[in-house]
Undergrad: 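My questions all concern the structure below.
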Amino acid sequence: MIKIDHLVKNYGKNRAVDDISFEIGRGEIVGFLGKNGAGKSTTMNILTGYLSSTLGTVEIDGINVLDDPKAAKKKIGYLPEQPPLYLDMTVEEYLSFGYDLKGCELNKAKHLEEICEVVGISDVYSRVIKNLSKGYRQRVGIAQALIGNPPIIIFDEPTVGLDPKQVIEVRNLIRTLGRDHTVILSTHILSEVQAVCDRIIIINKGKIVADEKTENINRAVQSGRRFNVKICGPQREVLAMLRERPGVVYAEALSERDGEAYSYAVESAPGVDIRKGLFFALAERGWAMIGLEGAGMNIEDIFISIVDQSEKKKNKYEKKRTRKKAVTRNSRELEIADAIIKKNEEDKQ
């Protein structure tokens with residue numbers, strides 16, 4: 001459905017997009033991520049026909065955006081971060097205006113009715129937009145993006161400013177749309193990408209640095225073995241023992257204290273379960289373990305590591321190395337980031 005081939009965009013001497021290429025197939029929900037200034041918005045604007053490229057091509061369902069922009073735009077429904085709403089119009093008037101503006105040829109009344117049912121705004125169809133809550137306004141913005149039933153839907157920060165219930169509703173709506181549309185989701189809320197998207201593309205300094213299926217990243221994240229453990233005992237001795245335990249690659253004393261117990265962050269080697277052995281080792285010394293919970297990783301950790309690794313800078317979240325082994329607290333994130341970046345580079349060759 002979408003093919004970007006060696007795309008370049010220069011602003012004077014500044015190269016905002018630096019020779020990127022990727023394809024998105026029909027029915028995929030793709031998260032497009034990047035820091036501010038990474039080139040994400042520029043790429044989206046070229047994709048939707050708002051900007052022209054310096055070099056390279058963008059095809060929408062086989063149509064070159066520069067050669068036939070009108071035909072290409074008919075294939076796209078776009079919801080910018082600030083929905084382009086006319087607040088003094090009713091929902092009905094606004095969607096009718098959008099229908100006429102797009103030159104839609106479907107049965108007007110039936111088509112708009114179906115869209116309102118899909119996005120859940122049938123009950124406010126006759127209300128003035130300025131009197132609606134932000135959640136409903138966002139839904140009206142999504143509705144205008146669906147007019148004409150375009151095969152590609154692009155959302156830019158669709159849940160900004162929504163309450164938790166509204167966020168869940170919009171996420172469910174995006175998943176529903178993904179059954180029949182190709183969806184691109186641009187957002188800074190990484191947990192949202194993890195919850196909704198099938199695939200994640202990360203751009204940094206104008207280059208694609210990662211392109212991976214979400215399920216693969218989730219599997220890698222869940223494979224980590226991290227724990228926060230509370231132990232009653234002398235802190236220095238407990239910490240020394242933890243660092244010497246077989247299978248432990250990292251141990252750190254945390255600032256939390258619960259009576260006689262201190263909290264520690266512990267990370268084991270991949271595939272090693274240290275919990276049972278740790279329990280008996282503490283019991284032998286008379287040190288009670290009064291709490292143990294998994295700490296895990298999240299997609300924010302992976303994103304930060306990928307961006308930092310791609311810039312070949314020292315990871316600013318890196319902790320001090322243990323006395324026993326030269327392994328950092330974020331070693332697992334770096335390992336996953338390196339694997340994703342390497343795979344992306346191999347795919348380009």
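The analysis underlying the following values was restricted to heavy atoms, covering all of them including side chains, and did not include hydrogens, waters or symmetry mates. This one's a predicted model, so the numbers in the text were calculated from it and none came from an experiment. Residue numbers count from 1 along this sequence.
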Undergrad: Within the side chain of Arg139, is there an N or O that forms a donor-acceptor pair under 3.5 Å with the backbone of Ile121?
TA: no
Undergrad: Pair Asp156, Tyr78 - check side-chain contact (heavy atoms from CB on, under 4.5 Å), show working.
TA: CA-CA 8 Å; Asp156 190 0; Tyr78 180 44; 4.0 Å; yes
Undergrad: Please test Ser52 against Leu66 for side-chain contact (heavy atoms from CB on, under 4.5 Å), starting from the C-alpha separation and ending with a verdict.
TA: CA-CA 7 Å; Ser52 61; Leu66 289 180; 4.0 Å; yes
Undergrad: Could you tell me whether Lys205 and Asp18 have a side-chain N and a carboxylate O separated by less than 4.0 Å?
TA: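 Asp18 and Lys205: not salt-bridged.
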Undergrad: Any Lys/Arg nitrogen of Lys165 or Asp163 sitting under 4.0 Å from an Asp/Glu carboxylate oxygen of the other?
TA: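 Looking at Asp163 together with Lys165, the answer is no, because their closest N to O distance does not fall below 4.0 Å.
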Undergrad: Scan side-chain atoms only and decide if Asp123 and Tyr136 contain a donor-acceptor pair under the 3.5 Å cut-off.
TA: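 Side chains of Asp123 and Tyr136: pair found under 3.5 Å.
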Undergrad: Between the side chain of Glu252 and the main-chain N/O of Val266, is any donor-acceptor distance below 3.5 Å?
TA: no
Undergrad: On a heavy-atom basis, which atom in Val272 and which in Gly247 lie closest, and how many Å separate them?
TA: CG1-CA, 4.1 Å
Undergrad: With distance as the sole test, does Thr214 use its side chain to make a donor-acceptor pair with the main-chain N or O of Cys197 at under 3.5 Å?
TA: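 Pair found, side chain donor or acceptor close to backbone of Cys197.
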Undergrad: Take atom NZ in Lys102; do more than 12 heavy atoms of anything else shown fall under 6.0 Å from it?
TA: yes
Undergrad: If hydrophobic clusters are built from ILVMFWY residues whose side chains come within less than 4.5 Å, do Val249 and Leu254 share one?
TA: no
Undergrad: Do side-chain atoms of Asn107 reach the backbone of Lys110 as a donor and acceptor pair under 3.5 angstrom?
TA: yes
Undergrad: Taking all non-hydrogen atoms of both residues into account, name the closest pair between Ala145 and Pro150 and its distance.
TA: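 Looks like O-CG, 3.3 Å.
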Undergrad: If we only count heavy atoms from C-beta on, is the Val8 to Val17 side-chain gap below 4.5 Å?
TA: no
Undergrad: Nearest 0.5 angstrom please: Ile154 CD1 to Ser186 OG, how far?
TA: 9.5 Å
Undergrad: I would like to know whether Lys207 and Asp19 meet salt bridge (charged side-chain N to carboxylate O under 4.0 Å, His left out); could you show each step before the answer?
TA: CA-CA 7 Å; Lys207 292 182 176 291; Asp19 193 23; 6.0 Å; no
Undergrad: Do Lys73 and Thr48 get their side chains close enough for a donor-acceptor pair, meaning under 3.5 Å?
TA: no
Undergrad: Is Val140 reachable from Leu87 through a run of I, L, V, M, F, W or Y residues, each pair having side-chain heavy atoms under 4.5 Å apart?
TA: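 Looking at the clustering, Val140 is in the same group as Leu87.
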Undergrad: For Gly233 and Tyr262, work out which heavy atoms get closest and say how close.
TA: O-CD1, 3.7 Å
Undergrad: If you count heavy atoms of other groups shown closer than 6.0 angstrom to CD of Gln235, is the number above 12?
TA: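 Buried by this count: over 12 neighbours within 6.0 Å.
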Undergrad: Does a side-chain heavy-atom distance below 4.5 Å link His6 with Leu55?
TA: no
Undergrad: For Arg15 and Asn10, indicate whether the former's side chain and the latter's backbone hold a donor-acceptor pair under 3.5 Å.
TA: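 Side chain of Arg15 to backbone of Asn10, a donor-acceptor pair under 3.5 Å: no, none is there.
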Undergrad: Any luck finding a side-chain donor-acceptor pair between His111 and Asn149 under 3.5 Å?
TA: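 No.
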Undergrad: Starting at OG1 of Thr57, measure out to CG of Asp5 and round the result to the nearest 0.5 Å.
TA: 4.5 Å
Undergrad: Give a yes or no on this: more than 12 heavy atoms of other residues, nucleotides or ligands lie within 6.0 Å of atom CD of Glu256.
TA: no
Undergrad: Any heavy-atom pair between the side chains of Ile60 and Val65 that's under 4.5 Å?
TA: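 The answer is yes; the side chains approach within 4.5 Å.
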Undergrad: Taking Lys130's backbone N and O only, do any of them form a donor-acceptor pair with Arg137's side chain (distance below 3.5 Å, no angle check)?
TA: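 Yes; judged by distance alone, with no hydrogens or angles, the pair exists.
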Undergrad: Do Leu282 and Ile290 belong together in a cluster built from hydrophobic side chains that touch within less than 4.5 Å?
TA: no
Undergrad: Are the side chain of Arg243 and the backbone N or O of Val248 linked by a donor-acceptor pair below 3.5 Å?
TA: no
Undergrad: Out of curiosity, Lys40 NZ to Asn204 CG, how far, rounded to the nearest 0.5 Å?
TA: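 Nearest 0.5 Å value for the NZ-CG distance: 11.5 Å.
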Undergrad: Could you state whether Leu85 and Ile115 fall into the same hydrophobic cluster, counting links through intermediate Ile, Leu, Val, Met, Phe, Trp or Tyr residues with side-chain heavy atoms under 4.5 angstrom apart?
TA: yes
Undergrad: With a cut-off of under 6.0 Å to the ring centre and 45° to the axis, is Lys9 in cation-pi contact with Tyr11?
TA: yes
Undergrad: How many angstroms lie between CE in Met1 and NE2 in His181, if you round to the nearest 0.5 Å?
TA: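 One finds 9.5 Å between CE of Met1 and NE2 of His181.
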Undergrad: Quick one: are Arg275 and Phe227 in side-chain contact, heavy atoms under 4.5 Å?
TA: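 In contact.
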Undergrad: Mind checking the CD1-CD1 spacing from Ile174 to Ile153? Nearest 0.5 Å is all I need.
TA: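 Between atom CD1 of Ile174 and atom CD1 of Ile153 there are 10.5 Å.
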Undergrad: Same cluster for Leu95 and Leu106 if Ile/Leu/Val/Met/Phe/Trp/Tyr side chains link at under 4.5 Å?
TA: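 No; tracing contacts between hydrophobic side chains, which count when under 4.5 Å, never links both residues.
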Undergrad: Decide yes or no for Val209 and Ile203: does some side-chain heavy atom of the first lie under 4.5 Å from some side-chain heavy atom of the second?
TA: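 No; the side chains remain at least 4.5 Å from each other.
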Undergrad: Kindly indicate whether the side chain of Leu185, heavy atoms from C-beta on, has any atom under 4.5 Å from the side chain of Phe32.
TA: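 A side-chain contact is absent here, since even the closest heavy-atom pair is not under 4.5 Å.
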Undergrad: What are the two closest heavy atoms between Pro234 and Trp287, and how far apart are they?
TA: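 Scanning both residues, the minimum pair turns out to be CD-NE1, 3.6 Å.
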Undergrad: Closer than 3.5 angstrom, by distance alone: can the side chain of Ser268 be matched with the main-chain N or O of Ile274 as a donor-acceptor pair?
TA: no
Undergrad: Write down the atom of Leu79, the atom of Gln138, and the distance for their closest heavy-atom approach.
TA: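 Heavy-atom minimum between the residues: CD2-NE2, 4.3 Å.
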Undergrad: Determine, step by step, whether Ile29 and Val196 satisfy the side-chain contact (heavy atoms from CB on, under 4.5 Å) criterion, reporting the C-alpha distance in whole Å, the side-chain angles of both residues, the deciding distance to 0.1 Å, and the verdict.
TA: CA-CA 7 Å; Ile29 304 178; Val196 173; 3.9 Å; yes
Undergrad: Run the side-chain contact (heavy atoms from CB on, under 4.5 Å) check on Asp198 and Val30 step by step: do they pass?
TA: CA-CA 6 Å; Asp198 306 314; Val30 177; over 6 Å; no
Undergrad: Check Gln144 against Tyr94 and note the closest heavy-atom contact, atom names and distance.
TA: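 Here Gln144 and Tyr94 meet closest at CG-OH, 3.4 Å.
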Undergrad: Ser263 side chain to Arg257 main-chain N or O, any donor-acceptor pair under 3.5 Å?
TA: no
Undergrad: Does a side-chain heavy-atom distance below 4.5 Å link Ile184 with Phe155?
TA: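 No, every pair of side-chain atoms sits at 4.5 Å or beyond.
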Undergrad: With rounding to the nearest 0.5 angstrom, report the CD to CD1 distance, Glu28 to Ile2.
TA: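 Glu28 CD to Ile2 CD1: 9.5 Å, rounded to 0.5 Å.
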Undergrad: Can you find a pair of side-chain heavy atoms, one from Leu7 and one from Ser53, that are under 4.5 Å apart?
TA: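 When only atoms from C-beta onward are counted, Ser53 and Leu7 do touch, with a gap below 4.5 Å.
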Undergrad: Which class fits the ring pair Phe97 and Tyr86: parallel under 30°, tilted 30 to 60°, perpendicular over 60°?
TA: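 Plane angle over 60°, so perpendicular.
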Undergrad: Can a donor-acceptor pair be found, under 3.5 Å and without considering hydrogens, that links the side chain of Arg245 to the backbone of Met241?
TA: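 Side chain of Arg245 to backbone of Met241, a donor-acceptor pair under 3.5 Å: no, none is there.
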Undergrad: So for atom CD, which belongs to Glu117, do other residues, nucleotides or ligands contribute more than 12 heavy atoms lying within a distance under 6.0 Å?
TA: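 Check passes, neighbour count above 12.
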